[in-house]
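We use all heavy atoms of the structure for the numbers below, so side chains are in, but hydrogens, waters and symmetry mates are not. For ligands, and for the atoms within them, numbers begin at 1 and follow the listed sequence.
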Amino acid sequence: MLTEPTAHIISPDTGTMSGASGKYEKKLCDLDGLYADQSAFKAQASSGGDTIVYEVCEQRPTQQAGDLIFGTTWMRPGRIGNEFYMTRGHIHAQANRPETYYGEAGRGVMLLESPEGDVRTLEITSRVLVYVPPLWIHRSINTGDQPLVMSFCYPSDSGQDYGIIARSGGMAQRIISVGDGWEAVPNKSYRPRTKDEIAAVYATCD
Ligand code: ZN
């Protein structure tokens with residue numbers, strides 16, 4: 001049976017998409033363990049734990065393999081210590097599924113890491129499209145002083161594995177504030193994946 005075609009209006013101001021059936025948000029208190037400066041996190045979370053750090057609006061037309069999931073993300077500007085607000089980040093549960101992100105408003109960085117621990121950073125601003133190839137762990141970071149709004153699109157059978165980052169003590173690099181800009185620095189808590197852990201990622205690819 002044919003699915004009805006649809007058109008969706010994206011608002012760069014609010015970070016929302018019309019006709020989105022799903023929505024979720026992450027509050028600061030949901031993001032414990034992401035940031036290097038634990039005491040700065042606790043201090044901010046004790047008074048502002050309910051602060052919404054990011055929100056996702058999405059549409060999943062069908063669950064069928066070959067279909068798409070698309071929507072928008074909105075992320076508040078801010079920092080924990082010198083580290084910018086970021087998403088939890090993930091690899092796709094079927095790790096060979098790709099994704100695109102398109103900058104709608106604000107300024108940010110897409111931080112990417114291969115299973116072997118290679119790192120890439122790509123700046124995303126209004127009208128920049130970032131391609132996340134298969135097999136790359138990805139996380140977005142708001143490096144600006146305004147909300148970061150992006151639209152995204154990925155295959156409906158991708159799934160998300162959030163644990164891959166936690167199991168390695170975070171991503172290999174952190175994005176910190178330096179002057180008016182940002183810098184990627186090594187994450188001291190990072191533990192490179194073992195050969196078995198890397199093999200497990202590749203084993204998800206069908
Ligand atoms: Zn993704």
Side-chain angles (χ1 to χ4, degrees), residues 8 10 15-17 20-26 30-31 33-34 52-76 84-125 128-143 147-168 170-175 184 187 190 193 197-198 200-206:
H8 302 264
I10 288 168
T16 54
M17 181 182 78
S21 60
K23 190 172 180 181
Y24 67 87
E25 58 189 32
K26 289 286 175 211
D30 299 325
L31 301 172
L34 255 58
I52 293 167
V53 177
Y54 61 95
E55 286 180 338
V56 176
C57 266
E58 63 174 25
Q59 176 63 1
R60 302 180 177 223
T62 73
Q63 301 289 337
Q64 291 163 18
D67 205 344
L68 297 169
I69 297 170
F70 54 90
T72 53
T73 74
W74 174 97
M75 195 182 337
R76 185 183 300 282
F84 291 108
Y85 280 175
M86 62 177 113
T87 58
R88 283 177 71 196
H90 58 262
I91 193 167
H92 292 153
Q94 297 220 54
N96 60 353
R97 299 301 192 261
E99 187 160 4
T100 59
Y101 285 86
Y102 183 72
E104 305 281 354
R107 174 171 291 275
V109 168
M110 188 66 64
L111 176 62
L112 301 117
E113 180 180 317
S114 71
E116 295 80 1
D118 294 322
V119 172
R120 302 285 186 274
T121 52
L122 295 171
E123 285 202 308
I124 186 159
T125 55
V128 172
L129 185 142
V130 166
Y131 169 56
V132 178
L135 289 158
W136 287 82
I137 299 163
H138 45 286
R139 155 181 284 169
S140 46
I141 296 131
N142 187 347
T143 56
L148 173 64
V149 176
M150 297 180 292
S151 49
F152 61 82
C153 189
Y154 61 95
S156 60
D157 62 353
S158 303
Q160 282 98 4
D161 174 4
Y162 295 98
I164 192 168
I165 294 176
R167 288 192 294 274
S168 293
M171 290 182 73
Q173 293 189 7
R174 295 183 178 279
I175 305 298
N187 168 17
Y190 181 69
R193 275 167 285 280
E197 287 174 314
I198 293 169
V201 172
Y202 285 90
T204 69
C205 306
D206 57 18

Checklist line | Flag, side chain of Glu113 to backbone of Ala172, donor-acceptor distance under 3.5 Å | finding: yes

Item checked: Total protein N, O or S atoms, the Zn ion (ligand 1), separation less than 2.8 Å -> 4

Item checked: Between His8 and Gln59, a side-chain donor and acceptor under 3.5 Å -> no

Next item on the list: For the residue pair Arg60 and Ser21, confirm or rule out a side-chain donor-acceptor distance under 3.5 Å.
Entry: no

Check: Under 3.5 Å, side chain of Tyr202 to main-chain N/O of Leu135, donor-acceptor pair present?
Finding: no

Item checked: Check: Thr72 side chain, Gly15 main-chain N or O, donor-acceptor pair, under 3.5 Å -> yes

Exercise answer: donor-acceptor pairs, residues 148-156 side-chain atoms, under 3.5 Å, sequence neighbours excluded:
{"unit_1": "Ser151", "atom_1": "OG", "unit_2": "Glu104", "atom_2": "OE2", "d": "2.7"}
{"unit_1": "Tyr154", "atom_1": "OH", "unit_2": "Gln160", "atom_2": "NE2", "d": "3.1"}
{"unit_1": "Ser156", "atom_1": "OG", "unit_2": "Gln64", "atom_2": "O", "d": "2.6"}
{"unit_1": "Ser156", "atom_1": "OG", "unit_2": "Asp67", "atom_2": "O", "d": "3.3"}

